[in-house]
Participant: 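The following block contains the structure, expressed as structure tokens.
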2 protein chains.
Amino acid sequence: MTTYTKADRAPLTERQEARRRRILRATTQLAARGGYESVQMREVAELSEVALGTLYRYFPSKVHLLVATMYDQLDQLHAQLRRRPPRSAGSRERVVDTLLRAFKGMQREPHLTEAMMRALQFADRSVGAEVDTVSRETTTMILEAISGDEPAGEPTAEDLAVIRVITHTWHSSLIAWLNGRASIAQVRTDIETVCRLIPED
Amino acid sequence: MTTYTKADRAPLTERQEARRRRILRATTQLAARGGYESVQMREVAELSEVALGTLYRYFPSKVHLLVATMYDQLDQLHAQLRRRPPRSAGSRERVVDTLLRAFKGMQREPHLTEAMMRALQFADRSVGAEVDTVSRETTTMILEAISGDEPAGEPTAEDLAVIRVITHTWHSSLIAWLNGRASIAQVRTDIETVCRLIPED
DNA sequence: GCAGTTACTGAAACTTGTTCTAGATTACGC
DNA sequence: GCGTAATCTAGAACAAGTTTCAGTAACTGC
């Protein structure tokens, strides 16, 4: 089994890699300040010291840009989880812990979260590949929480179905919270509720 | 118990009601043809023979317009379900039936569905009230499926949590299908999976 | 080190959602 | 019916995402 920490992507020169990072950093910064609508392409370009055309060469749309940012953040979260994985008893509890920990992180930067999640949910077919990447990373994280220290054989179709439902709930619930239509407690409840689909072990 | 078939709304004169209906009809038409991006405010205005400013007076944004359209469609579905409610044995099965029937309807107009669902997911705080309306209607539909012919006492907090999770899954799953990231079979599986949260009776 | 290709810049142009304005029309209280 | 206020219309204007283009800079193969 091969694991991809970084998404596969055409190889970039050093300066290009630097540009890409500047762009993502600028996006994160603007998003953290005012959410989705504060991420304006002209501002991102200016802040990352790149021409507008170049920005669009790297990320073909605002949604692509924000989904890439999401992947970036997710990657950091994932690394952090690998350093200090949840230590609870059952797989169900580990998944709940994982998601609640992620949620706690997101509460620290609600605007950033809003920008990324809105983009993820709004993304259409043209962003399919990128959304899939995020989706795979999320799946991996949850799978790792389920297996814990165990060897972790191939996930069954059933496992994958449950994980899909969990991520669906996770995303929608988060959006509802960001929009003020759900409380923090409700998000927590929803996570716990959906995780009941994970068999006790 | 009072039931609201129509959302409460400032009383309108006959001509205003007619305008409103023309606008919703035009929106449905355009959405059915080409989805979210085909619903262009100028076109909606022209097709419904209303000035752009008037369109904005009735619906303060494109997202408001599409969420209102969603409510409208949902209302029709709900009426239809009341005429011929699912007759399956358990509440779980009735909910699955209900959602699958809704899904079948949506497969008939994928573009329209895409437009409405994208708007619903993209909606921000400013559309909170309207989204809540849709959300309540959905909840009611599922609750009715759960109770079947029975008297149907007040839903418990647990019931509501399960229903929230079901709707979250329902929406996200649908979006994934519309974006070509999930097959029809997967949507079906996801629905069946999440409905396992409903206790057997 | 050079020719040729590809990438980047700055700026204008285009698209579509949204707002604004001035004047015409309609609804409403009396 | 009449005057007043709210509503509607046509159309310009504005905002932000996206595209385009001419010119400049950087990379690549030789």
Side-chain angles (χ1 to χ4, degrees), chain A residues 9-24 26-27 30-31 33-69 114-116 118-120 122-127 130, chain B residues 9-24 26-27 30-31 33-69 115-116 118-127 130:
Chain A
R9 188 167 357 101
L12 300 179
T13 71
E14 204 156 320
R15 306 181 47 140
Q16 288 178 319
E17 191 56 48
R19 266 190 212 101
R20 188 167 193 283
R21 301 254 36 108
R22 282 208 308 282
I23 293 174
L24 288 177
T27 305
L30 290 171
R33 171 139 58 251
Y36 188 84
E37 62 179 24
S38 290
V39 179
Q40 302 194 352
M41 299 305 267
R42 285 173 240 260
E43 282 207 50
V44 172
E46 195 177 346
L47 189 52
S48 48
E49 295 177 282
V50 134
L52 191 54
T54 306
L55 172 52
Y56 273 95
R57 169 182 284 270
Y58 281 72
F59 302 97
S61 80
K62 176 169 173 173
V63 170
H64 281 84
L65 173 58
L66 282 167
V67 172
T69 304
E114 185 253 13
M116 298 186 307
R118 292 269 296 284
L120 192 68
F122 190 56
D124 70 351
R125 302 185 100 85
S126 69
V127 204
E130 289 79 357
Chain B
R9 188 164 1 97
L12 300 179
T13 70
E14 202 155 323
R15 307 183 47 150
Q16 288 178 318
E17 192 56 49
R19 267 190 211 102
R20 189 169 191 282
R21 300 250 42 101
R22 282 208 307 281
I23 293 173
L24 287 177
T27 305
L30 289 171
R33 171 141 58 250
Y36 189 84
E37 60 178 24
S38 289
V39 179
Q40 302 194 352
M41 300 305 268
R42 284 171 240 263
E43 281 206 49
V44 173
E46 194 177 347
L47 189 52
S48 47
E49 294 177 286
V50 135
L52 192 53
T54 306
L55 173 53
Y56 273 95
R57 169 183 284 270
Y58 281 72
F59 302 96
S61 80
K62 176 169 171 172
V63 169
H64 281 85
L65 174 57
L66 282 167
V67 172
T69 305
M116 298 185 308
R118 292 269 296 285
L120 193 67
Q121 298 286 82
F122 191 56
D124 71 352
R125 302 183 100 85
S126 70
V127 203
E130 288 79 356

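Here is the naming used below: chain letters follow the sequence lines, and residue numbers restart at 1 for every chain.
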Participant: Arg15(B) has a side chain; which of dT18(C), dT26(C), dC28(C) sits nearest to it?
Facilitator: dT26(C)

Participant: Between dT19(C), dT28(D), dT16(C), which one does the side chain of Arg42(B) approach most closely?
Facilitator: dT16(C)

Participant: Just checking Val44(B): base, sugar-phosphate only, or nothing, at a heavy-atom cut-off of under 4.0 Å?
Facilitator: nothing

Participant: What are the atom names and distances for every N/O pair under 3.5 Å that joins the protein to nucleotides 6-10 of chain C?
Facilitator:
residue : atom : partner  : partner atom : Å
dA7(C)  : OP2  : Arg57(A) : NH1          : 3.2
dA7(C)  : O3'  : Gln16(A) : NE2          : 3.3
dC8(C)  : OP1  : Arg19(A) : NH1          : 2.9
dC8(C)  : OP1  : Tyr58(A) : OH           : 2.8
dT9(C)  : OP2  : Ala51(A) : N            : 3.0
dT9(C)  : OP2  : Thr54(A) : OG1          : 2.6

Participant: Can you tell me how far P of dG17(C) sits from CD of Glu37(B), to the nearest Å?
Facilitator: 10 Å

Participant: For the pair Lys62(B) (side chain) and Tyr36(B) (backbone), establish whether a donor and an acceptor sit closer than 3.5 Å, ignoring hydrogens and angles.
Facilitator: yes

Participant: Would you kindly give the CE-to-C1' distance between Met41(A) and dA11(C), to the nearest whole Å?
Facilitator: 17 Å

Participant: Is there a side-chain contact (heavy atoms from CB on, under 4.5 Å) between Val63(B) and Arg118(B) once you walk through the steps?
Facilitator: CA-CA 9 Å; Val63(B) 169; Arg118(B) 292 269 296 285; over 6 Å; no

Participant: If we ignore hydrogens and angles and just use 3.5 Å, is the side chain of Gln16(B) paired with the main-chain N or O of Thr13(B) as donor and acceptor?
Facilitator: yes

Participant: For a quick test of reading the model, state the closest non-hydrogen atom pair linking Arg19(B) to Thr54(B) and the distance between them.
Facilitator: CD-CG2, 4.3 Å

Participant: Rounded off to whole Å, could you give me the OH-to-C1' distance for the Tyr36(B) and dT15(C) pair?
Facilitator: 14 Å

Participant: Can you tell me how far P of dT19(C) sits from NE2 of His64(B), to the nearest Å?
Facilitator: 11 Å

Participant: Say whether, by atom type as modelled, one donor and one acceptor occur between the side chain of His64(B) and the main chain of Glu130(B) under 3.5 angstrom.
Facilitator: no

Participant: Measure from OH on Tyr56(A) to C1' on dT18(D) and round the result to the nearest Å.
Facilitator: 5 Å

Participant: Rounding to an integer number of Å, can you tell me how far Leu65(B) CG sits from dT18(C) P?
Facilitator: 10 Å

Participant: In whole angstrom, give the distance that lies between atom CG of Leu30(B) and atom P of dT16(C).
Facilitator: 13 Å

Participant: Glu43(A) has an atom CD; how far is it from atom P of dT18(D), in whole Å?
Facilitator: 15 Å

Participant: Name the closest nucleotide to the Lys62(A) side chain, picking from dG17(D), dT19(C), dA27(C).
Facilitator: dG17(D)

Participant: So which atom in Tyr56(A) and which in Ser61(A) form the shortest heavy-atom distance, rounded to 0.1 Å?
Facilitator: CE2-CA, 4.2 Å

Participant: Heavy atoms only: give me the nearest Val44(B)-Ser48(B) pair and the separation to one decimal.
Facilitator: O-OG, 2.5 Å

